[in-house]
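Residue numbers begin at 1 in each chain, while the letters A, B, ... track the order of the sequences.
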2 protein chains.
Amino acid sequence: MKKTLNLVVQEIKKKGIQLSHQRLKILEYLINHLNHPTAQEIYCSLIKEMPTLSKTTIYNTLDLLEEHQIIKKISIENQEAHYDFIYQDHGHFKCNVCQKIFDFKISVDAQPIQELQGFSITKQSVYFQGTCISCLKV
Amino acid sequence: MKKTLNLVVQEIKKKGIQLSHQRLKILEYLINHLNHPTAQEIYCSLIKEMPTLSKTTIYNTLDLLEEHQIIKKISIENQEAHYDFIYQDHGHFKCNVCQKIFDFKISVDAQPIQELQGFSITKQSVYFQGTCISCLKV
DNA sequence: GTTCCTGCAAAAGCTTTGCAGAAGA
DNA sequence: TCTTCTGCAAAGCTTTTGCAGGAAC
């Protein structure tokens with residue numbers, strides 16, 4: 001995971017973006033927590049070691065990282081946005097019983113979809129809901 | 001379209017839900033506007049003929065219809081939710097150039113997805129972003 | 001008469017904006 | 001020095017809640 005962080009840091013610096021202490025910590029958090037944290041969750045965790053950290057900085061950084069396609073902003077539901085470090089394209093499945101969110105690989109191509117012939121897809125979100133296998137067994 | 005409305009009204013009444021004037025108008029709006037309206041859009045349109053209509057009623061009704069799987073709440077982005085009358089399962093594609101939202105048919109089955117073996121999918125949202133064919137040509 | 005529905009007002013929650021001070025190049 | 005970043009405070013928006021009056025059964 002350390003390796004991934006370093007790679008991403010290099011990638012970001014190449015783009016001429018300054019990586020302040022705050023930004024680095026937020027990025028690190030996202031890489032180490034692939035369970036779709038919210039801005040609030042990131043804030044609550046980082047405030048412990050950075051007592052002056054503000055939510056504004058969290059939002060600024062998340063927007064910045066999203067603009068540069070380092071992370072993805074996903075709307076699971078409600079008003080609260082979740083953020084995902086992009087390590088591969090994947091969909092999300094939320095179990096309505098245990099509330100857990102599962103990831104799964106997706107490989108969708110625009111070409112087989114008749115209505116999207118010739119379209120260019122740059123971002124894809126796939127979100128399912130239902131009951132996971134463990135909860136079905138109970 | 002009139003036929004669809006009547007069918008849905010029957011379906012709802014069968015479930016023992018009262019269909020007040022307000023609820024009927026909101027439902028009618030959703031059936032006649034399949035372009036993913038927001039609560040605000042529905043409100044702005046209906047307030048003209050129902051000056052006392054409140055946003056609370058809109059939200060109450062939308063929640064009610066969603067609970068009974070008549071409509072689907074979708075999070076395209078931002079804080080504002082969009083609502084979709086369920087006439088068939090379909091995904092959404094938003095063009096980042098012209099901002100238009102396109103619909104396309106989807107037929108996803110849990111079984112080919114390794115990570116979701118044995119899961120039960122009751123709701124699915126597929127949302128793509130990119131550039132549509134018209135904007136690519138320009 | 002009892003239950004459900006409507007809608008005003010207020011509150012709640014997430015996100016954005018303005019701005020001044022601090023940090024970095 | 002000049003640009004960029006941080007973070008407080010306030011505002012902006014969407015959505016939810018409490019509650020009283022009204023409608024439906």
How close or far is atom [atom2] of [N] from atom [atom1] of [X], stated in whole angstroms?
X       : N      : atom1 : atom2 : value
A/Asn60 : C/dT16 : CG    : P     : 9 Å
A/His82 : C/dT15 : NE2   : P     : 9 Å
A/Ile17 : C/dA25 : CD1   : P     : 14 Å
B/Ile12 : C/dC5  : CD1   : P     : 12 Å
A/Gln40 : C/dA12 : CD    : P     : 16 Å
B/Gln18 : C/dT2  : CD    : P     : 17 Å

*So, A/Glu41 side chain and A/Thr38 main chain: donor-acceptor pair closer than 3.5 Å or not?*
yes
*asked:* With a 3.5 Å distance limit and no angle check, can you tell me whether B/Lys72 reaches the backbone of B/Gln124 through a side-chain donor-acceptor pair?
replied: yes
*Would you call the rings of A/His33 and A/Tyr29 parallel, tilted or perpendicular, where under 30° means parallel and over 60° means perpendicular?*
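Aromatic pair A/His33/A/Tyr29 classed parallel.
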_DNA chain D-proximal residues of residues 46-58 of chain A, any heavy atom under 4.0 Å_ = A/Thr52, A/Leu53, A/Ser54, A/Thr56, A/Thr57
_Worked check of salt bridge (charged side-chain N to carboxylate O under 4.0 Å, His left out) between A/Lys123 and A/Glu66_ = CA-CA 11 Å; A/Lys123 183 180 163 183; A/Glu66 201 204 0; 3.7 Å; yes
Atom pairs and distances, donor-acceptor, side-chain atoms in residues 48-58 of chain A, under 3.5 Å, two or more places apart:
| residue | atom | partner | partner atom | Å |
| --- | --- | --- | --- | --- |
| A/Ser54 | OG | A/Thr56 | N | 3.3 |
| A/Ser54 | OG | A/Thr57 | N | 3.3 |
| A/Ser54 | OG | A/Thr57 | OG1 | 3.4 |
| A/Lys55 | NZ | A/Gln40 | OE1 | 2.8 |

*More than 12 heavy atoms of other groups within 6.0 Å of B/Glu115 CD*: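 More than 12 heavy atoms, drawn from other residues, nucleotides or ligands, come within 6.0 Å of this atom.
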*Under a criterion of less than 4.0 angstrom to any heavy atom of chain A, what are the 5'-terminal and 3'-terminal contacting nucleotides of DNA chain D?*
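Under 4.0 Å from chain A, the extent on DNA chain D is D/dT4 to D/dT15.
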*asked:* Once you apply a heavy-atom cut-off of 4.0 Å, does B/Gln22 come out as touching a base, just sugar-phosphate, or nothing?
replied: sugar-phosphate
*How is B/Gln79 classified with respect to the nucleic acid when contacts are heavy atoms under 4.0 Å: base, sugar-phosphate, or nothing?*
base
*Determine: side-chain N/O of A/Tyr59 to OP1/OP2 of C/dT16, distance under 4.0 Å, yes or no.*
no
*How about A/Phe128 and A/Phe104: are their ring centroids closer than 6.0 Å?*
yes
*Between B/Glu67 and B/Lys15, is the closest basic N to carboxylate O distance under 4.0 Å?*
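So B/Lys15 does not pair with B/Glu67 through a salt bridge.
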_Point-to-point distance, once rounded to the nearest 0.5 Å, from OH of A/Tyr83 to CD1 of A/Ile74_ =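 Separation between the atoms: 10.5 Å.
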